[in-house]
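Read through the structure below, which is laid out as structure tokens, and then see the notes.
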Amino acid sequence: MEMADVIVLGLGPAGASAAAEAARRGCKVIALDRKAQAGLPVQCAEFVPAMIDADLAGVVRQRIESMATFVEDDAPDLKPDFPGHMLDRAAFDASLVEAARRAGAQIRFSSLVGRISSDGTVTLSNGKELRAPVVIGADGPRSRAGKAIGSVNTELVETRQITVGLTQPHTATDIFLSAGIPGGYGWLFPKGEVANLGAGVSPQSKARLKSIVARLRASQRERLSSEILGVTGGAIPVGGMLKPRGLLQDTLVLLAGDAAGLANPVTGAGIAAAVHSGRLAGQAAATRSAEEYQEELEDVYRAALERALRRRRELMTVKPEKAALRRGWIAYPEYWQ
Ligand SMILES: Cc1cc2nc3c(=O)[nH]c(=O)nc-3n(C[C@H](O)[C@H](O)[C@H](O)COP(=O)(O)OP(=O)(O)OC[C@H]3O[C@@H](n4cnc5c(N)ncnc54)[C@H](O)[C@@H]3O)c2cc1C
């Protein structure tokens, strides 16, 4: 049985930020991820808003200035003031892991967490056991730590994304809203000479994702080159915020990022919240202030996530005509009313 002060499950943006923060505060931190290396494979459209509180040196691939929303076949509505960055997400995740390593956290890849027992013992798939007074679950939408304390994401969106060549420069994130993309939306996000083109839908429509993305690609063919350079996908939690703390006997469990349900139920954006909540979780682990951690997350995220959840559920219960699609998207004033 190996002992630590804090065990972090997952080395995405939430876990790496948590590990760095707890280590900086003097904790012995062991951080585990089943991946072989940081950030790969990339399962992300790679957009972050300009106001993200993270060091982006060396990981930005292009600036975004605006958002263009296409509702069915209508001409796009342009939201001019929508600044952000397209990241190299693998490099971003790797830089956060490197910061955690520099802060003194023990970083262990190729470490699949198989089980978390009712007493908080963390068991890896190779049988190795670890224990700590605090376990941080930053292990994504289907978090095992969350499951262990009964805080589980019950609503997910399934996605498919291709990377394709872009024949002309573009500085907007393009959003495609349609009744033909149920429970989600399509996107084309430019990244220099390529673009991430994808769609997310409710799990019941997962089988249709391939044809939805193919249709989107066909509709944009004039500005795309023919070769597909990559394919990815993954689940996004869209059920809203979960209780981010629990106890397994004496072990305190804190959830951060997607594991805490902090991705936006409408946009699916979760990188900024993962970094922020991870940092707060690392701090709470070091100071054993779980209640304050929950309060801070409630203050910052609850209202926005509840509005998004309401809008998403409204869309799911009506026949999504154009007016309903607009009300369900952040670019339109109706969304905020
Ligand atoms: C297709 C797609 C596009 C997206 N596009 C955007 C976007 O443009 N902008 C945005 O802000 N957000 C986007 N998101 C959401 C964003 O990727 C997540 O919100 C973000 O990654 C959450 O970070 P995290 O650290 O909480 O979780 P993750 O990044 O999912 O990290 C969790 C880590 O835990 C590890 N793990 C899981 N289970 C185990 C286990 N049992 N043992 C060991 N390790 C484990 C995983 O390997 C992973 O590295 C997108 C998501 C998808 C799927």
Side-chain angles (χ1 to χ4, degrees), residues 7-19 30-49 52 54 64 84-87 89-90 92-94 96-97 100 107-116 122-126 130 135-148 153 156-163 173 175 184-189 191 196-201 209 213 230-238 242 244 255-265 267-279 281:
I7 298 171
V8 180
L9 312 186
L11 278 161
S17 303
I30 299 178
L32 309 160
D33 200 296
R34 64 187 172 194
K35 289 180 174 172
Q37 54 181 313
L40 290 173
V42 171
Q43 295 172 284
C44 187
E46 303 180 285
F47 172 78
V48 288
I52 186 173
I64 293 294
H85 307 284
M86 283 297 291
L87 301 179
R89 175 71 197 266
F92 177 64
D93 284 21
L96 292 174
V97 168
I107 304 296
R108 300 186 189 167
F109 285 103
S110 302
S111 299
L112 171 67
V113 174
R115 192 156 46 89
I116 303 163
V122 173
T123 308
L124 303 187
S125 60
N126 63 8
L130 300 95
V135 171
I136 297 179
D139 46 345
R142 295 189 173 94
S143 167
R144 286 191 189 212
K147 196 168 171 204
N153 287 303
L156 299 172
V157 151
E158 295 289 347
T159 65
R160 177 182 170 84
Q161 176 179 281
I162 58 175
T163 300
T173 50
I175 301 294
Y185 66 94
W187 64 82
L188 186 153
F189 292 177
K191 198 175 135 186
N196 292 329
L197 174 89
V201 294
L209 265 176
V213 173
V231 183
T232 188
I236 302 178
V238 293
L242 301 172
L255 304 179
D258 278 9
L262 297 181
N264 184 289
T267 65
I271 299 171
V275 171
H276 177 237
S277 61
R279 208 176 284 148

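First listed ligand is number 1; within each ligand, the first listed atom is number 1.
The nearest non-hydrogen atom to atom 42 (N) of ligand 1, considering only Val113, Val8, Asn196, Ile271, comes from Val113.
In terms of polar-atom proximity, Asp33 is counted as a contact of ligand 1, with an N or O under 3.5 Å from an N or O of the ligand. Where the criterion is an N or O separation shorter than 3.5 Å, residue side chain and backbone included, Ala14 meets it with respect to ligand 1. Between Gly257 and ligand 1, no N or O atom pair is found at a separation short of 3.5 Å. For Leu112, no nitrogen or oxygen atom sits less than 3.5 Å from a nitrogen or oxygen atom of ligand 1, counting backbone and side chain alike. The distance criterion of under 3.5 Å between nitrogen or oxygen atoms is not met by Gly10 with respect to ligand 1. Inclusion of Gly270 in the set of residues having an N or O under 3.5 Å from an N or O of ligand 1 is warranted. Residue Asp258 has at least one nitrogen or oxygen atom sitting less than 3.5 Å from a nitrogen or oxygen atom of ligand 1, judged on distance alone. Considering backbone and side-chain atoms together, Pro13 places an N or O closer than 3.5 Å to an N or O of ligand 1. At a 3.5 angstrom cut-off on N or O pairs, Ala263 does not count as close to ligand 1.
Under 4.0 Å from ligand 1, the heavy atoms of Ile236 that appear belong solely to its side chain. Contacts of Glu46 with ligand 1, taken as heavy-atom pairs under 4.0 Å, involve the backbone alone. Both the backbone and the side chain of Arg34 come within 4.0 Å of ligand 1, judged by heavy-atom distances.
Scanning both residues, Gly140 and Asn153, for their nearest heavy atoms gives O-ND2, 4.5 Å. In terms of heavy-atom proximity, Ala259 sits nearest to Leu242 at O-CD1, 3.5 Å.
You'll find the side chain of Ile271 reaches within 4.5 Å of the side chain of Ile52, heavy atoms only.
For ligand 1 and Gly268, the ligand atoms under 4.0 Å from any heavy atom of the residue are 12 (N), 13 (C), 14 (N), 15 (C). In the vicinity of Thr159, heavy-atom distances shorter than 4.0 Å reach the ligand 1 atoms 1 (C), 53 (C). Every atom of ligand 1 with a heavy atom of Ala138 under 4.0 Å away is listed here by number and element: 32 (C), 33 (C), 34 (O). Shown in contact with Gly234 at under 4.0 Å from a heavy atom are these atoms of ligand 1, numbered in order with element: 53 (C). When each atom of ligand 1 is checked for a heavy atom of Lys35 under 4.0 Å away, the hits are 47 (O), 49 (O). Proximity to Ser111 (heavy-atom distance under 4.0 Å) selects the following atoms of ligand 1: 42 (N), 43 (C). Taking every non-hydrogen atom of Ala45 and a distance limit under 4.0 Å, the qualifying atoms of ligand 1 come out as 3 (C), 4 (C), 5 (N), 6 (C), 8 (O).
Under a 4.0 angstrom heavy-atom cut-off, Arg89 registers as being in contact with ligand 1.
The main-chain N or O of Leu32 is never found under 3.5 Å from a side-chain atom of Ser111 such that the two would form a donor-acceptor pair. For the pair Thr232 (side chain) and Gln161 (backbone), a donor-acceptor distance under 3.5 Å is absent.
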